[in-house]
Amino acid sequence: MKFFSVVCCLIVAFTLNGKHDFTSFSLKNGLRVVCVRKPAAPIVYMSVWYNCGSRCDAVGKSGVAHYLEHMAYAIKGGAFNNFLEEIGAEKNAFTWLGCICFYEVVPKEHMEEVLKYESARMNSFDIDHAVFASEKKAILEERNTLYDTNPVTLSCEATYSNIFDRTSAGINVIGWKHEIESLQEQDLFDYHNKWFAPNNATLVLVGDVDYQQIKPMVEKYFGGLKEKTLPILKTNDNVQSKVVKTITSKSSEVGGFSTSYIYLVPFHAKDNFRKYLGLSLAFQALNQPEAIIRKTIESATDKRAEIGFFYSANSSHDIVTIWLNGNSKNDLDDAEKIWHILKQKLQSDSALTNDEINAVKRQKLLSMAHKYDDIMDLAECIGFSLMDGHSLDNIMAEDEIIQTMSQQECNEAIREVFCSEPIAISRLEQEDYDEE
Ligand SMILES: [Zn+2]
């Protein structure tokens with residue numbers, strides 16, 4: 001293992017980043033550390049990524065990962081929180097399907113204290129009873145605002161639960177309402193015991209990092225933590241045999257009608273970086289306001305229906321979701337009919353034109369150039385991609401690879417997905433809905 005390695009990537013064309021200066025190493029207990037040196041300001045974005053997230057919620061305990069994240073800064077009697085406030089650090093945490101991340105942006109002279117607290121958080125967990133109760137209320141309110149009044153979210157959630165053992169898929173990050181309500185403090189302890197381990201975590205440090213200093217510092221605080229035997233999770237290889245079911249939900253509070261279709265992606269993104277990028281670019285093109293499929297559905301329904309494409313790939317599953325949203329039952333019926341005709345184009349090798357692909361490549365490269373420039377964006381881009389199973393080398397060369405992607409590769413990735421039938425469909429309807 002090489003401790004110090006500097007990789008310079010010369011970027012052609014118009015990308016703004018000239019090079020990346022990064023290194024990575026692992027401790028004996030499996031903790032992975034990725035450092036990217038960006039010394040423009042004397043600050044460091046320090047983040048710890050746990051490769052678990054909602055996909056690791058236990059059966060009947062959906063939402064537990066997200067709940068634990070909410071409790072994150074209340075631990076250790078609030079000492080970590082107080083310290084961060086004192087030094088004026090920026091901090092936050094988030095949960096996604098495949099990860100829980102805690103981050104702090106701190107002046108570089110405080111890196112050591114942050115490592116000390118982060119190692120304590122990995123090692124143990126404690127709960128303030130009052131905070132546990134108040135956070136439960138906050139989470140239920142979050143669920144109500146983000147999910148329970150949104151027809152698209154509800155129909156997607158219903159479809160996912162139809163195809164996956166819902167908790168092993170964990171696609172419902174926030175959790176089901178009745179399960180959030182019944183979560184106990186012990187459930188959070190159990191989750192922490194199972195998944196918070198050095199061999200299930202990655203430190204991503206971006207900013208004014210001194211490579212020579214960081215390794216002994218990490219070793220000092222994390223080296224003594226023991227690795228754990230991690231449970232093996234199901235993957236979507238298991239869902240292929242499920243039959244397609246159409247389910248109907250009825251709610252009087254949801255403002256609209258929505259249908260969602262789930263397709264299984266016939267390749268694993270983590271093993272096929274180019275195909276993953278090809279499908280990502282293709283979906284970005286299909287989601288453009290001027291994309292033909294979007295325009296056709298909008299104009300046929302006088303803008304009363306719309307379509308969206310979502311690609312989700314991580315270590316547990318590789319699926320795409322198409323959602324249709326309509327103001328009324330008739331609008332949704334019309335959108336569904338049009339979708340059935342238009343999707344035939346996606347089964348051909350000419351779904352998107354060269355111009356459409358080149359336009360999204362330019363968009364993507366420009367947004368990546370901005371990302372590379374910002375320590376927080378760059379760290380999050382690296383963290384999410386690592387959690388999804390991509391290699392550091394691929395992640396750091398993503399812009400170079402995108403420049404070489406062809407129209408044919410993008411269309412081929414789309415065709416591979418849509419030449420099969422959806423594995424699940426769900427349609428959300430609303431009773432007594434006033435269309436005005
Ligand atoms: Zn939250």
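Start at 1 and go down the list; that is how both ligands and their atoms are numbered. Values below: every heavy atom of this structure, side chains too, minus hydrogens, waters and symmetry copies. All values derive from a computational prediction rather than experimental measurement. The first residue in the sequence is number 1, and the count goes up from there.
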For the residue pair [X] and [Y], categorise the inter-ring angle as parallel (less than 30°), tilted (30 to 60°) or perpendicular (more than 60°).
X    : Y    : answer
Y50  : F102 : perpendicular
W49  : F384 : perpendicular
W339 : Y263 : perpendicular

Exercise. Everything protein-side that's N, O or S and under 2.8 Å from the Zn ion (ligand 1): list it, residue and atom.
Key: H66 NE2, H70 NE2, E142 OE1, E142 OE2
Practice problem: Would you give the length of the straight line joining atom CD1 of I423 to atom CG of L264, rounded to the nearest 0.5 angstrom? | Solution: 4.5 Å
Quiz item: Less than 4.0 Å between a side-chain N and a carboxylate O, is that true for E336 and R427?
Solution: yes
Quiz item: Have H70 and E142 got a donor and an acceptor in their side chains that come within less than 3.5 Å?
Solution: yes
